Amino acid sequence: MTVRLHDTLTGELQALDPLEAGHVRIYSCGPTVYGPAHVGNFRSFLFADVLVRYLRWRGYRVTWVMNLTDVDDKIIRGAASEGIGIEALAARHIEGFLADAATLRMTTPDVLPRATAHIPQMVELVETLLERGHAYRTDDGSVFFRIASWPAYGRLARLDPDAMRVGERVAADEYSKDDARDFVLWKAAKPGEPSWDTAVGSGRPGWHLECSAMSMAYLGRSFDIHTGGVDLVFPHHEDEIAQSEAATGEPFVRTWLHCAHLQMGGRKMAKSEGNIARVSELLASGLEPRALRYALIAAHYRTGLSFSDESTGAAAAAVARLDALVAALAAYASDVPDDPGLPPVIGAAREAFAVAMDDDLGISAALAAVFELVRDVNRRIAARTISTADARRALDALRDLDRVLGVLPDAGEPALGADLAELLDLRAAARAARDWAASDRLRDELAARGIAVEDSRDGQRWRRVGVPSGA
RNA sequence: GGCGACGUACCCAAGUGGUUAAGGGGGAGGUCUGCAAAACCUCUAUGCGUGGGUCCGAAUCCCACCGUCGCCUCCA
């Protein structure tokens, strides 16, 4: 079995064949830290997260780099309007991004390079491009990439440069370029804007340049996988390819992966569309982080994903179903012999999961395999055909698959507060005395404090749930 | 105008030539339970936008039409 991924450049599935055997190098376009990221942004980050998790689960070593764009027009504008420096604004939103990412259980990338910390690498790229005749300087000191010097331009986005409708929706010529389609590598310093004094003049880097410089700095001139949202295909990634390959003369990226947009209200979620939802707002409304994560990763990455109260509600219910099984397995005890039917069921689930994920990260089918395992194990619990050791095996299997999904409750259950533990003890005592009125009262009280209590043959068991709204 | 996706049940969403069209959510009924909850069982698309065509056979391939979305601009 091999992992196969859909490459945007060729439009075909490609077998993963890392440049260095067993080691996959991945670069993901990260956030521009001018404001809080929205959950549409996080769909693309979590898609990369699932890719990285899966490849590691599959036994690959993975080096994952995600950039933080900490200098650009929006950051400069935002900082100016607050009367602070861009460093302060960026630092604030980097902190927010990392907090949201942690909340959503995104794997921390191995490197989180910041643009402003890599100016020398960018300048070097610009110098090389100038030397090789792929770039030119304009009167104001900016440097542009000459698209006419790069015949392959437009291949990734399948755009014909001659047919590009430049100028229709955007002011065509603010820097007196030779060709309106040329893109900026280095922006000449302007009064009131941050700038760096460098060998290519005083100014600041263009957006596309930073990703080329930082990806190659950490992953080499050629690396395996580059991810991002579809909206980055053009011009961002197209420009990255042009400037990187023109500078190095080597193939830049082996496989381009792009995830489709998160949809809300029938349109892509975007700040410009005015239909964004942020992590903090959703959490404040009572949505569990794990449910949000599930809602964002549960559909195939190349199809538009509808995001709504209904989708997050369904995700929360799905996660609760998993939680219930985890709680049941943790509480389960039976001294019957091991169930010989269980290992094959676990093996089949694992196999189906891997087959699905190998096929271009087919997470829907992978989740189906997980839930088929869930139903089967629930059946065996109800029939009490499994042993205590079997319950542990089933739980281990679930946790193993969850290394990829990241939606199960934490293994190290944080201990209950003494007050809650006492309520549980009181309820157990009431039940032993068949005092149903006291038992129900205590159940209600626990529920109001976010603890669902259920009774089973294995005794009373509890799990954390959201506190009911209005409670 | 160019390019590219997609339209599968009440909702979300797999399936891309061949037994009964995954899975999650929701709904209905049932089992279990002191009551609940959870779980389990049964049911909820003879049909996959519409109309043609190819084929022994199509949700899956081809054509046309209708509809939706995305990119060609900053954007994950």
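This structure is a prediction, so every number in the text was calculated from the model and none was measured. Throughout, a chain's letter reflects where its sequence line sits, starting with A, and its residues are numbered from 1.
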Exercise for the section: Taking only the side-chain heavy atoms of A:His38 (C-beta and beyond), determine which of B:A76, B:C72, B:G4 contains the nearest atom. Expected result: B:A76
Exercise for the section: Quote, to the nearest angstrom, the C1' distance that separates B:U60 from B:C6. Expected result: 15 Å
Practice task
Sequence neighbours left out, what passes salt bridge (charged side-chain N to carboxylate O under 4.0 Å, His left out) with A:Asp358? Give chain and number order.
Solution key: A:Arg58
Practice task
Using a 4.0 Å heavy-atom cut-off across all strands, classify A:His300 as base, sugar-phosphate, or nothing.
Solution key: sugar-phosphate
Practice task
Classify the side-chain pair A:Ser306/A:Gln263 by whether it contains a donor and acceptor separated by less than 3.5 Å.
Solution key: no
Exercise for the section: Tell me what A:Ala295 touches on the nucleic acid: a base, only sugar-phosphate, or nothing, going by heavy atoms under 4.0 Å. Expected result: nothing
Problem - Heavy-atom closest contact (A:Ala315 atom, A:Tyr294 atom, distance) - result: CB-CD2, 3.6 Å
Fill in the blank from the handout: Side-chain contact check for A:Ala368: nearest option of B:G70, B:A76, B:A22 is B:A22
Handout entry: Over all atoms of both residues, closest heavy-atom pair of A:Glu238 and A:Ala152
Key = OE2-O, 4.0 Å
Fill in the blank from the handout: Quick tally for nucleotides 33-42 of chain B: nucleotides whose base has a protein heavy atom under 4.0 Å get B, sugar-phosphate-only ones S, the rest -, giving -BBBBSSSS-
Completion exercise
For A:Arg92, the salt bridge (charged side-chain N to carboxylate O under 4.0 Å, His left out) test, sequence neighbours excluded, returns A:Glu82
Exercise for the section: Check every strand shown and say whether A:Gly40 touches a base, only sugar-phosphate, or nothing at a heavy-atom separation below 4.0 Å. Expected result: base
Practice task
Quick one: label A:Ser311 by what it contacts on the DNA or RNA (base, sugar-phosphate, nothing), any heavy atom closer than 4.0 Å.
Solution key: nothing
Exercise for the section: Give A:Gly11 one of three labels, base, sugar-phosphate or nothing, depending on what nucleic acid heavy atoms sit under 4.0 Å from its own. Expected result: nothing
Handout entry: Touch class at under 4.0 angstrom, heavy-atom based, for A:Lys271 against every strand present
Key = nothing
Exercise for the section: Using a strict cut-off of less than 4.0 Å between a Lys/Arg side-chain nitrogen and an Asp/Glu carboxylate oxygen, indicate whether A:Arg441 and A:Asp444 qualify as a salt bridge. Expected result: no
Problem - N/O donor-acceptor pair under 3.5 Å between A:Asn67 side chain and A:Pro113 backbone - result: no
Practice task
Using a heavy-atom cut-off of under 4.0 Å over every strand shown, decide if A:Pro31 touches base, sugar-phosphate, or nothing.
Solution key: nothing
Problem - Given B:C74, B:A13, B:G24, the nucleotide with the shortest approach to the side chain of A:Ala299 - result: B:A13
Practice task
Could you work out the separation of B:G23 and B:C55 based on their C1' atoms and round it to a whole Å?
Solution key: 31 Å
Problem - Integer angstrom distance from the P of B:A13 to that of B:G49 - result: 15 Å
